[in-house]
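Reminder, nothing fancy here: chain letters follow the sequence lines and each chain counts from 1. Since we're looking at a predicted model, the values are computed, not measured.
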Number of protein chains: 2
Amino acid sequence: MPGKERTDAGGTLDGATEERILHAARTVFVRRGTSGARMQEIAAEAGVNQALLHYYFRTKDGLAQAVFREVAGRLAPAIARLLGSDAPLEDKVERFVHLYIDTVRQHPYIPAYILAELHHHPERLRALQDAAGVQPARAVGAIVERLRAQLEERAAAGTMRPIAPEQFLVNVLGLVVFPFAARPALVIALEMDDEAFGRFLDARRAELPRFILDALRP
Amino acid sequence: MPGKERTDAGGTLDGATEERILHAARTVFVRRGTSGARMQEIAAEAGVNQALLHYYFRTKDGLAQAVFREVAGRLAPAIARLLGSDAPLEDKVERFVHLYIDTVRQHPYIPAYILAELHHHPERLRALQDAAGVQPARAVGAIVERLRAQLEERAAAGTMRPIAPEQFLVNVLGLVVFPFAARPALVIALEMDDEAFGRFLDARRAELPRFILDALRP
DNA sequence: GTCTATATTGTGATAGAC
DNA sequence: GTCTATCACAATATAGAC
């Protein structure tokens with residue numbers, strides 16, 4: 001791993017070049033998709049030349065992996081911790097909805113990028129699971145088992161009707177993630193500008209927890 | 001538009017070469033993404049040579065547009081007709097869930113392709129709206145207004161709590177589309193094989209309508 | 001570490017025979 | 001309509017000066 005020592009001699013503006021490249025790469029990969037992105041465009045975005053990208057990340061795929069790890073690492077650990085925790089189900093749902101929308105709203109194209117990347121490189125899921133903290137292979141498995149216990153407990157108490165934890169998880173994810181994944185289409189189809197989309201998200205943030213919980217009333 | 005007249009002289013196996021190319025292109029575009037797809041791979045998949053793709057579709061982008069239109073045209077009109085109809089809300093929800101899952105299950109990677117394509121080429125939404133039949137610009141608008149009327153009617157009658165039609169639409173879409181869009185990740189994370197994913201879809205098909213309607217009980 | 005070439009291969013597109 | 005051959009340029013990657 002090069003770029004560990006920084007004397008800052010001859011530094012143009014800020015310090016970390018490697019950081020700047022990674023950031024620029026994220027922008028371009030998200031904008032164009034991994035295979036649509038061009039090393040030249042990334043270099044320009046970072047204000048350096050193309051050779052430097054290879055100096056730090058060797059190949060385009062190396063850079064792509066680094067970007068995916070960095071992007072996945074933002075949210076995955078927090079989500080895994082939250083969903084796997086012992087907090088009551090109601091709290092989990094509400095906190096997840098708020099956490100996800102509040103975080104992703106600042107980078108609304110990230111979910112589409114993640115989904116597309118996983119579509120073409122499913123093996124990179126491992127990076128996401130690593131980022132989530134727990135034992136790589138079973139990070140999601142642990143969350144599902146925790147949810148299963150909580151859902152069964154509620155069902156037994158008669159305060160919620162039964163649902164498989166996998167279905168529950170996909171329901172919650174779908175409701176929260178889909179508006180971002182489909183944003184370009186939604187914005188046009190529903191004739192929203194950025195501000196309207198923001199209000200749309202505000203409303204979801206407020207309504208979604210109740211929607212999800214009400215759907216499971218007995 | 002070439003390829004209208006077919007003498008079938010020298011045809012290798014089936015008749016329509018243009019059809020074969022379009023089909024092969026769909027396969028490869030869905031597999032690799034539009035910019036990741038290579039004309040050579042499409043040609044091989046179709047069992048023809050690369051020059052022939054240009055003969056029929058002139059450019060790669062031309063082929064990409066044709067594929068998008070073809071794929072969008074499968075479902076969009078039926079969905080638009082259903083959601084814009086006068087059928088009771090409960091029927092709409094159930095029929096939509098069934099229609100979508102039953103249709104897309106045969107080509108499970110299509111939704112991810114559509115979302116990715118709209119992400120990088122939002123202007124192609126017009127093709128989708130054209131395919132939906134109604135006046136291009138307001139196809140979705142009409143659906144939203146129909147839903148609004150139905151939802152307000154229910155709210156006034158006290159049989160459903162109020163919800164904005166845009167939110168309702170995105171909820172339904174998210175619940176139905178997300179599992180397909182995220183399929184590669186879900187299959188790995190939830191440790192499913194194709195058969196397990198099929199059972200997962202069966203369960204959703206059966207449970208989702210009630211889930212959606214229960215969430216809006218007053 | 002950062003730059004300017006440059007090598008090398010990939011890729012969309014066309015020309016022209018059949 | 002379909003093919004082979006090839007062009008022209010785009011794009012990743014490397015060499016080597018500073």
Touch check for A43(A), heavy atoms < 4.0 angstrom, all strands: base, sugar-phosphate only, or nothing? nothing

Can we say E94(A) and R210(A) salt-bridge, meaning some charged N sits less than 4.0 Å from an Asp/Glu carboxylate O? no

How many whole angstroms separate atom CG of L63(B) from atom P of dT11(C)? 16 Å

Suppose the criterion is side-chain hydrogen bond (donor to acceptor under 3.5 Å, both in side chains): which pairs have a residue in residues 169-182 of chain A, not counting sequence neighbours? N171(A)-R204(B)

Only counting residues at least two apart or in another chain, list the ones meeting ring pair (Phe, Tyr, Trp, His ring centres under 6.0 Å) with F197(B). none

Could you pull out all donor-acceptor pairs under 3.5 Å where a side-chain atom in residues 172-181 of chain B meets a protein atom, sequence neighbours excluded?
none

Counting heavy atoms from C-beta on, name the nucleotide in dC3(D), dT11(C), dC3(C) closest to the side chain of R38(B). dT11(C)

Report yes if a side-chain nitrogen or oxygen of N49(B) is closer than 4.0 Å to either non-bridging phosphate oxygen (OP1 or OP2) of dC3(D); otherwise report no. yes

What does nucleotides 13-18 of chain D look like as a protein-contact string, B for base, S for sugar-phosphate only, - for none, at under 4.0 angstrom between heavy atoms? BBB---

Pair up each side-chain donor or acceptor in residues 37-45 of chain A with any protein partner under 3.5 Å, not counting sequence neighbours, and list the distances.
{"residue": "R38(A)", "atom": "NH1", "partner": "S35(A)", "partner atom": "O", "Å": "3.3"}
{"residue": "E41(A)", "atom": "OE1", "partner": "R32(A)", "partner atom": "NE", "Å": "3.0"}
{"residue": "E41(A)", "atom": "OE2", "partner": "R31(A)", "partner atom": "NH2", "Å": "3.2"}
{"residue": "E41(A)", "atom": "OE2", "partner": "R32(A)", "partner atom": "NE", "Å": "3.2"}
{"residue": "E41(A)", "atom": "OE2", "partner": "R32(A)", "partner atom": "NH2", "Å": "3.1"}
{"residue": "E45(A)", "atom": "OE1", "partner": "R31(A)", "partner atom": "NH2", "Å": "3.0"}

Would you give me the side-chain donor-acceptor pairs under 3.5 Å for residues 65-79 of chain A, sequence neighbours excluded?
{"residue": "Q65(A)", "atom": "NE2", "partner": "D61(A)", "partner atom": "OD2", "Å": "2.7"}
{"residue": "E70(A)", "atom": "OE2", "partner": "R74(A)", "partner atom": "NH2", "Å": "2.9"}

Separation of atom OH in Y55(A) from atom C1' in dC3(C), rounded to whole Å: 13 Å

L52(B) CG to dG12(C) P: how many Å, rounded? 16 Å

Please confirm whether the shortest side-chain N or O distance from T17(A) to OP1 or OP2 of dT2(C) is below 4.0 Å. yes

State whether Y56(B) places a side-chain N or O below 4.0 Å from either non-bridging phosphate oxygen (OP1 or OP2) of dT2(D). yes

